[in-house]
Amino acid sequence: MNAEIERRRTFAIIAHPDAGKTSLTEKLLLFGGQIQVAGAVKSNKIKKTATSDWMDIEKQRGISVTTSVMEFDYHDYKINILDTPGHQDFAEDTYRTLTAVDSVIIVVDGAKGVETQTRKLMEVCRMRNTPVIIFVNKMDREAKDPFDLLDELEEELSIHVCPLSWPIESGPRFRGVYNIYERKLNLFQPSKQVVTEKVEVDIHTEDLDNHIGASLAEKLRSEIELIDGVYPEFSLDNYKGGELAPVFFGSALNNFGVQELLDCFVEIAPSPRPVNAVERTVNPDETKFTGFVFKITANIDPNHRSCVAFCKVCSGKFTRNTPYLHVRHNKTMRFSSPTQFMAQRKTTVEEAWAGDIIGLPDNGTFKIGDTLTEGENLHFKGLPSFSPEMFKYIENADPMKTKQLSKGIDQLMDEGVAQLFVNQFNGRKIIGTVGQLQFEVIQYRLENEYNAKCRWEPISLYKACWIESDDAEELEAFKKRKYQYMAKDRDGRDVFLADSGYVLQMAQMDFKNIKFHFTSEF
Ligand code: G4P
């Protein structure tokens with residue numbers, strides 16, 4: 001069992017849209033033998049198999065809404081890549097996916113550097129000390145100075161960095177990368193059909209001059225010397241503790257620098273890590289199966305309205321057709337057709353080990369965060385809801401379909417599409433999202449899957465704050481004073497809907513014994 005768990009690498013690739021996440025994923029799949037295209041090809045065709053365009057709306061808009069899992073064997077390793085939605089309106093979905101991974105690869109565009117979405121996602125990684133590797137992409141285009149980039153990464157992402165490869169120029173002058181880890185030179189060939197050969201070069205000899213010319217050779221020597229002097233030596237412990245991020249340079253589109261990344265990744269990235277539950281910490285090598293649902297997707301097959309709950313196996317071995325306890329329902333369930341994924345292909349699995357992700361057919365029995373065990377009463381932690389950024393009242397636009405609408409809203413919220421708050425003053429339902437697109441998805445899905453129609457009405461809110469206090473009296477006084485702005489979330493917790501930053505600040509000053517939280521888990 002230990003060997004099975006040890007060889008697993010479960011991770012996500014995260015990036016600001018357009019930085020090259022899809023391209024990198026494709027190249028990794030190529031190395032995993034999952035797509036049979038020789039060399040690197042412009043990605044449009046491969047995209048169909050490599051991404052998970054499951055929802056119609058997603059196809060129309062050409063954005064990846066849902067999270068899927070891609071798995072393959074590479075050498076002795078079993079790789080599980082969790083895909084995350086590219087569009088920032090689905091950031092919440094990405095946050096949840098990050099709770100199911102053991103490490104992360106961040107893709108940064110070499111010309112643009114650190115962008116907003118990267119910064120936000122890194123914050124989530126930091127909350128959990130997730131080990132991070134950075135891939136600076138698009139070096140075949142004019143990029144920022146690599147030293148400036150390292151400074152920027154360090155500063156903007158608040159993490160120490162350590163380059164394991166080093167670019168020789170960029171853009172049209174891009175000559176390749178020097179692999180600091182292996183002390184080998186990898187020369188860039190503009191042909192996209194060939195995976196480049198590495199040459200072993202002692203950079204202190206004339207051999208280097210022969211390959212890249214005297215002036216570039218001199219520059220590389222002095223840069224490597226500088227790197228050796230300035231940056232810390234790579235430390236596996238610091239990387240695993242989430243304090244130090246190794247950095248690679250390359251071009252995903254040209255399949256350049258990707259194999260180095262993958263080879264180093266499988267070697268250093270952690271196998272499944274212990275997971276915290278409310279009751280105790282669960283170790284992956286425990287014999288009994290435990291797992292939690294971090295993601296629910298509808299419409300994998302557009303012909304059937306089926307949902308799939310994605311479950312991360314946290315410990316032991318999951319076996320098909322075995323009774324497991326659904327802790328929230330206190331009910332035993334068997335799964336006769338659990339699936340594993342390769343983009344749109346899915347196969348039934350007989351067993352899965354800690355680190356794996358399995359898809360469980362779901363018709364409304366699962367909610368994000370649900371735990372499965374062999375009988376133990378366990379609740380996994382770490383699936384917080386963040387305060388939404390946008391809020392709207394949801395109203396019924398077809399009085400004949402009230403039931404359908406409320407069922408639809410319930411199920412979509414169970415899937416974690418958005419957050420529902422019920423205003424305690426007027427009983428109206430408020431939907432909170434990260435971006436406008438989620439409202440469109442909800443409306444579309446209510447119509448297409450539940451035959452219900454909704455209408456949005458504006459409400460001006462700044463933030464939703466989960467409130468708590470040891471001082472029951474003050475809490476009551478606060479709720480009374482703010483009764484028009486008090487709501488309950490889906491779990492019945494008290495939420496204060498602040499309509500402006502100023503109002504929130506005043507409330508914090510007036511009610512010093514109350515804590516206002518921007519996430520549901522505190
Ligand atoms: P994303 O998933 O992070 O959003 O990024 P994606 O891989 O889709 O890449 C975004 C664009 O950047 C694509 O171009 C892609 O071809 C390009 N790209 C990715 N890696 C590299 C690279 O190493 N070098 C260069 N020069 N370009 C790169 P597009 O025109 O938007 O799409 P497409 O028509 O190429 O598919």
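Indexing begins at 1, ligand by ligand and atom by atom, following the structure's order.
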Under-4.0 Å heavy-atom contact with ligand 1, by part of [X] that carries it:
X: Pro17; value: backbone
X: Asn137; value: side chain
X: Asp140; value: side chain
X: Lys138; value: both

Under a 4.0 angstrom heavy-atom cut-off, which atoms of ligand 1 come close to [X]?
X: Lys21; answer: 1 (P), 2 (O), 3 (O), 5 (O), 7 (O)
X: Ala252; answer: 23 (O)
X: Gly20; answer: 1 (P), 3 (O), 5 (O), 6 (P), 7 (O), 9 (O)
X: Asp18; answer: 1 (P), 3 (O), 4 (O), 5 (O), 10 (C), 12 (O)

*Quick one: does Leu24 get an N or O within less than 3.5 Å of an N or O on ligand 1?*
no

*Distance-only N or O hit between ligand 1 and Leu253, under 3.5 Å*: yes

*Please say which of Glu447, Gln443, Glu449 ends up in a side-chain hydrogen bond (donor to acceptor under 3.5 Å, both in side chains) with Arg445.*
Glu449

*Is the centre of the Phe174 ring less than 6.0 Å from the centre of the Phe256 ring?*
yes

_Can you confirm whether or not the ring centre of Trp166 sits under 6.0 Å from the ring centre of Phe248?_
no

*Cation-aromatic face contact Lys463/Phe518, 6.0 Å, 45 degrees*: yes

*asked:* Using a 6.0 Å distance limit plus a 45 degree cone around the ring axis, check whether Lys392 lies over the aromatic ring of Phe439.
replied: yes

*Is a salt bridge present between Asp202 and Arg183, judged by a nitrogen-to-oxygen distance below 4.0 Å?*
no

_Note: Lys144-Glu152 ion pair, threshold 4.0 Å (strictly below)_ = yes

*I would like to know whether Gln411 and Tyr450 meet side chain to side chain donor-acceptor pair (under 3.5 Å); could you show each step before the answer?*
CA-CA 10 Å; Gln411 290 197 352; Tyr450 299 90; 2.8 Å; yes

*For atom 23 (O) of ligand 1, state which one of Ala19, Ser251, Ala143 supplies the nearest heavy atom.*
Ser251

